[in-house]
Each structure stands twice: as structure tokens, then as C-alpha cells.
Amino acid sequence: MTIYTGRGDEGETDLRDLSRVSKTNPRIEAYGVVDEANSLIGTARPSGYDDIDDWLQSVQNHLHIIQSEFATPEPDDDDPQIKNEHVDQLEEWIDTADEELEPLTSFILPGGGDSGAALHHARAVTRRAERRAVDLAENEPVNAEAVTYLNRLSDGLFTFARLVNARDGIPEESPTY
């Protein structure tokens, strides 16, 4: 079996229900940007910290669920789904990470070490994924918890980036105006 099929050569692709849509369809855009964020999170792992790597691995699995949801116009009851408990878990990880950090007193420039910078980049892409998800939800039924999860995840990735950089001894830089 080859990885290429040629089925997308004319600008269309399959949704999970095998319906064909344009590659610019809002569903494709939404799950495509989620995939991009997921890939960027993968560049931050391993971060060198088991707790953060465990969180990120779970997040990557959650993002696969969101991709599946966005690729499925009419989900079945037994299809994977992001639920409030996933958002709650993410909030617990954010709170745990935040307890270890100095409070923010100003904006900070994204960057730091390799993992910290990758997490900041993933945060920015996750914000774009959230915007695409909101756009999709304005026109089609979408699990609201998936949109909430993306919103919360961008906060989580920001916090995780700060934590990795703090543990690595890399100081935060504030913008100069």
C-alpha cells in the first residue's frame, strides 16, 4: 500500500463519512490547523521534564480527537469526543504549572529554549485553530467543548512554555515600547 492515492489531486478530500469536499472547506481548515498545532507540540517533546511531557502527550491525543470531530459532519454516539472532563484536566495542569511560576507583571516575548519557543509557537497556531473552529461552529454543528478546549489549550501552552523556560533557567523578556 502506498501513502499517496492521487484522490486529492483535483483539490478535494474525504471527510470521515467519505463525502468529498474542497480542501478549502471550513472543516478541512479547522482540523488542518489543529493538526499543525499538534505537530508543533510534538517538536517540544521531549522537553526534559516528565510531568510536562506527560501533559503534552495527553494534549496531542486530545487534539487527535478534535481532528476526528471536525472531520465528522454527523458523529455517532460512540465516536470519540472532547468532553468537559478534558477541559477540566487541562485546567488542573495549568494551575499546577502556574503554582511553580512567578506571577506575570507584564507581557512577555515568545521564545526561550527549544521546547519553550516551540510551545509558544504552538500556542499561536492553537489560537488560529480556535478561530477556524469558531468560524466552523458559526455555520455547522460543532462540539462546543472542542472549541472551549482549544481556547484553554492556548492558555495551557503559554503556561507550559513559561514553565519549561523557568526550569531551564531562561529569563523571560518583556517587550520594550
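Values below: all heavy atoms of this structure, side chains included; hydrogens, waters and symmetry mates excluded. Because the structure is predicted, anything quoted here is derived from the model rather than measured.
We find the CG-CH2 distance between Asp50 and Trp55 to be 11.5 Å, quoted to the nearest 0.5 Å. Phe70 contributes atom CZ, which lies 12.0 Å from atom CD1 of Ile28 (distance to the nearest 0.5 angstrom). With rounding to the nearest 0.5 Å, the separation of CZ in Arg132 from OH in Tyr31 is 15.0 Å. The CG atom of Leu136 lies 11.0 Å from the CD atom of Glu69; values are rounded to the nearest 0.5 Å. Here the NE2 atom belonging to His86 is positioned 9.5 Å from the CG atom belonging to Asn61, to the nearest 0.5 angstrom. Between atom CZ of residue Phe158 and atom CG of residue Asp98 there is a gap of 9.5 Å, rounded to the nearest 0.5 Å.
Listed here is the closest heavy atom pair of Leu150 and Thr126: O-CG2, 3.4 Å. Across all their heavy atoms, Val33 and Val125 have their closest contact at CG1-O, 3.6 Å. Across Ala97 and Thr159, no two heavy atoms sit closer than the pair CB-CG2, 3.7 Å. When all heavy atoms of Leu56 and Phe160 are compared, the closest pair comes out as CD2-CD1, 4.0 Å. Between Asn151 and Glu130, the shortest heavy-atom contact is CB-OE2, 3.2 Å. When all heavy atoms of Val59 and Ile41 are compared, the pair lying nearest together is CG1-CD1, 3.8 Å.
Within a 6.0 Å radius of CD in Glu173, other residues, nucleotides and ligands contribute 12 heavy atoms or fewer. Residue Asp77 places its CG atom among 12 or fewer non-hydrogen atoms of other residues, nucleotides or ligands, all under 6.0 Å distant.
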Quiz: residues 106-118 side-chain donor-acceptor pairs under 3.5 angstrom, not counting sequence neighbours:
from: Ser106; atom 1: OG; to: Ser174; atom 2: OG; distance (Å): 2.7
from: Ser115; atom 1: OG; to: Ala44; atom 2: O; distance (Å): 2.9

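Hydrophobic clustering (ILVMFWY, side-chain heavy atoms < 4.5 Å, transitive): Leu163 and Leu104 are in distinct clusters. Residues Ile170 and Leu101 are members of separate hydrophobic clusters, defined by side-chain heavy-atom contacts under 4.5 angstrom among Ile, Leu, Val, Met, Phe, Trp and Tyr. When the side chains of ILVMFWY residues are joined at heavy-atom separations under 4.5 Å, either directly or via intervening members, Ile52 and Leu40 end up in two distinct hydrophobic clusters.
With hydrogens and angles ignored, the 3.5 Å screen pairs a side-chain donor or acceptor of Thr72 with a backbone N or O of Ser68. In terms of modelled atom types and a separation under 3.5 Å, the side chain of Ser47 and the main chain of Tyr49 share a donor-acceptor contact. Between the Arg162 side chain and the Glu102 main chain, a donor and an acceptor come within less than 3.5 Å of each other.
Under the 4.0 Å criterion applied to side-chain N and carboxylate O atoms, Arg27 and Asp135 are not assigned as salt-bridge partners. Comment: Arg128 engages Glu36 in a salt bridge, judged by a side-chain N to carboxylate O separation of less than 4.0 angstrom. Between Asp54 and Arg45 there is no salt bridge, since no side-chain nitrogen of the basic residue lies less than 4.0 Å from a carboxylate oxygen of the acidic one. Glu145 has no carboxylate O lying under 4.0 Å from a charged side-chain N of Lys83, or vice versa, which leaves the two without a salt bridge.
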Check against side chain to side chain contact (heavy atoms under 4.5 Å, CB included), His121 and Thr43 | CA-CA 10 Å; His121 188 180; Thr43 68; over 6 Å; no
Before giving the answer on salt bridge (Lys or Arg N to Asp or Glu O under 4.0 Å), spell out for Arg127 and Asp155 the whole-Å C-alpha distance, their side-chain angles and the decisive distance to 0.1 Å.
-> CA-CA 9 Å; Arg127 282 285 185 215; Asp155 297 331; 3.1 Å; yes
Verdict with reasoning, Glu172 to Asn165, per side chain to side chain contact (heavy atoms under 4.5 Å, CB included) | CA-CA 8 Å; Glu172 295 177 333; Asn165 285 335; 5.7 Å; no
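Below 30°, between 30° and 60°, or above 60°: for Trp93 and His62 the angle between ring planes is below 30°, a parallel geometry.
Considering only residues two or more places apart in sequence or on other chains, Gln81 meets the side chain to side chain donor-acceptor pair (under 3.5 Å) condition with none of them.
Side-chain contact annotation: Ser154 with Arg123, donor-acceptor N/O pair under 3.5 Å absent.
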